[in-house]
Structures are given as structure tokens and as C-alpha cells.
Amino acid sequence: QEWQNPFATWNPQDFCNISEIILPMDTYWSPPVFILERVNGQNPELNYMVLMHNGSFNSTRPFQVTLTCTLIILKFPFDTQTCNLSIASFLYPVTDFIMKTRRTPAEIMKDSQSLLLTDGEWKFTNLSIIEYTEILDDKGFSVVTYVISMERRPTLYILNLILPTCALYLLDMAVLFGPSSLEEKINFQIAIILGSSMLAVILNNSLPTSSNKPPIIGTH
């Protein structure tokens, strides 16, 4: 966060060439912001800010939060999800407090890709920024929304779910149209049903439960 305070300025030559100082957050006014999608998180212990001689404040506070996000898993495991991270301040209307992003989405995406772990289930693909005014009780409030796009890495699900399922159905077709006796076909069909049931249990434990529509692999 960066903001200006014209009443907190001084001439560095009058104070031993001191051009910046570090102060606690409660020393001066600081912008109160909230994350709208936040459901849980840890507040940072770094409650300090840097004050420059020209009245410029700078505060870097790392937050670790859990956000709510609507998932669409119809194309699981080849799905792409989009989540929003909205930052707002409902204590000051837009006539008194306006938030602006300092960097472009391309710059933020580059920094995010350098910090994000690359061996997880998700791949960070895109980031865009929307600045708008939210109207509440006939008052406008400044809101900045980061739209984050993530793509699922499907390799694990292909090896554990799709390939075994395809193999079971191919064996089912081969035995069904093969020269085996009726009793052998019935026994093998029962084994196929049991194997499909086990795969369904594994799939049910692997899928998120917050989607409105089930995935195609789970309905067929």
C-alpha cells in the first residue's frame, strides 16, 4: 500500500539528512481495507510502515487468507477455474477514498508466477484487474478486484481414474462379445461392476463438493 499525507513532510537537510523513518501502523492514519471473499486467515505481525520525507507512506504486509470460490468442474480434470479477490474499504465513500493499482496485470502476474509453487495441483495462468465503484445505501465505495485464473494439472487423475476406467470398459466389451460361456461372462461382469464401484468411491473422494454440476467423468 502507498498513500500520501501532505502534513507529514520535512526537509532532510534539517534533520541530519534523514529521508525516511519506520513507524508503527497506529502512529498515522492508514487505509483500512478488507478482502470481501475472505473466510479465514492470519493477520500479519509486520505492523510497521515507512514514511518518506515527502509525505509518502509505504506499507508491505503479507496476508495469508482462505477465500471462497465457486467451482465449475464439468470438464474435470481438464477444467480451468476463475476466482476473485476483491479489496475494498467500506468506512470511507468514494468521495473520500479511492483505491488504484500501482502495477499492471502483466507485472503482477510475473511476480506471482515467480512466487507460486510449480509442483502443486494448480497452474497459475492469468490475472486481470477490475477497478469499480460499489453502491451500498446510496453511497459509492471503491473496490479493486483481482480475477485469478488457474488450470488444473490432470496427469494424476488421468493415471488414477481415466485410464483404469477406460481399461475396465474395454475389457467389458471384449468379454461381452468374446467366445466365453455365459457363466464366465456373468462372473466377469460382476467383477467389472465392483471395480467401477471402487473407482466411483475414489472419484467421489477426489472431487470438490461445492460445484453445482457434477463432472462428465462422474456422470458416465
Side-chain angles (χ1 to χ4, degrees), residues 1-2 31-44 59-94 97-137 139-163 165 199-200 202-220:
Q1 290 181 306
E2 290 185 359
V33 295
F34 309 94
I35 300 177
L36 303 185
E37 296 84 2
R38 174 176 175 174
V39 294
N40 195 4
Q42 299 179 359
N43 293 326
S59 173
T60 303
R61 309 177 68 193
F63 282 90
Q64 182 179 359
V65 297
T66 301
L67 307 177
T68 59
C69 184
T70 302
L71 297 180
I72 303 175
I73 58 173
L74 184 63
K75 298 181 180 180
F76 175 89
F78 306 99
D79 53 327
T80 300
Q81 305 297 335
T82 301
C83 297
N84 295 338
L85 191 153
S86 302
I87 301 176
S89 178
F90 294 118
L91 298 181
Y92 299 95
V94 71
F97 183 80
I98 300 177
M99 292 191 298
K100 294 289 183 180
T101 56
R102 181 183 62 181
R103 294 180 294 176
T104 63
E107 294 174 344
I108 298 177
M109 183 175 176
K110 183 179 180 181
D111 292 341
S112 300
Q113 288 178 337
S114 64
L115 296 174
L116 189 68
L117 295 177
T118 58
D119 58 349
E121 181 182 357
W122 296 94
K123 178 181 178 182
F124 180 54
T125 57
N126 191 26
L127 184 143
S128 59
I129 301 175
I130 303 175
E131 299 177 358
Y132 62 98
T133 300
E134 182 76 18
I135 304 299
L136 293 175
D137 297 332
K139 291 184 179 181
F141 298 92
S142 179
V143 181
V144 175
T145 299
Y146 295 87
V147 182
I148 304 169
S149 298
M150 298 175 294
E151 180 181 350
R152 192 189 302 269
R153 301 179 188 272
T155 305
L156 180 64
Y157 298 99
I158 292 176
L159 296 177
N160 291 339
L161 294 176
I162 297 180
L163 290 182
T165 302
L199 284 177
I202 297 174
L203 179 62
N204 185 51
N205 295 331
S206 302
L207 292 179
T209 58
S210 59
S211 179
N212 294 327
K213 294 182 179 180
I216 297 178
I217 189 178
T219 55
H220 294 283

Hey, are the side chains of [X] and [Y] touching, using non-hydrogen atoms and a 4.5 Å cut-off?
X: Val144; Y: Val33; answer: no
X: Glu131; Y: Met99; answer: no
X: Arg153; Y: Trp122; answer: no
X: Ile73; Y: Gln81; answer: yes
X: Phe90; Y: Lys139; answer: no
X: Phe141; Y: Val94; answer: no
X: Leu74; Y: Asp79; answer: no

Open item on the list: Once salt bridge (charged side-chain N to carboxylate O under 4.0 Å, His left out) is applied, do any residues pair with Glu2, and if so which ones, sequence neighbours excluded?
Closed with: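 Partners of Glu2 under the salt bridge (charged side-chain N to carboxylate O under 4.0 Å, His left out) test: Arg102.
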Open item on the list: Checking Phe97 now: which residues fulfil ring-ring contact (aromatic ring centres under 6.0 Å, His included) with it, not counting sequence neighbours?
Closed with: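 Partners of Phe97 under the ring-ring contact (aromatic ring centres under 6.0 Å, His included) test: none.
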TODO: Only counting residues at least two apart or in another chain, list the ones meeting ring-ring contact (aromatic ring centres under 6.0 Å, His included) with Tyr92.
DONE: Trp29
Open item on the list: Looking at Glu37 and Cys69, would you say the former's side chain and the latter's main chain have a donor-acceptor pair under 3.5 Å?
Closed with: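 No, the answer is negative, given that no donor and acceptor are paired below the 3.5 Å cut-off.
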TODO: Determine yes or no for a side-chain-to-main-chain donor-acceptor pair under 3.5 angstrom, with Ser59 supplying the side chain and Gln1 the backbone.
DONE: no
Could you tell me which non-hydrogen atom of [X] sits nearest to which non-hydrogen atom of [Y], and how far apart they are?
X: Thr145; Y: Ser86; value: OG1-OG, 3.0 Å
X: Met109; Y: Thr125; value: CE-O, 2.5 Å
X: Pro154; Y: Pro77; value: CB-O, 3.4 Å
X: Pro32; Y: Ser89; value: O-OG, 2.5 Å
X: Leu127; Y: Pro105; value: O-CB, 3.6 Å
X: Ile108; Y: Ile129; value: CD1-CD1, 3.6 Å

Open item on the list: Applying the side-chain contact (heavy atoms from CB on, under 4.5 Å) criterion to Arg38, which one of Thr68, Val65, Thr66 satisfies it?
Closed with: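 Running side-chain contact (heavy atoms from CB on, under 4.5 Å) over Thr68, Val65, Thr66 with Arg38 returns exactly one hit, Val65.
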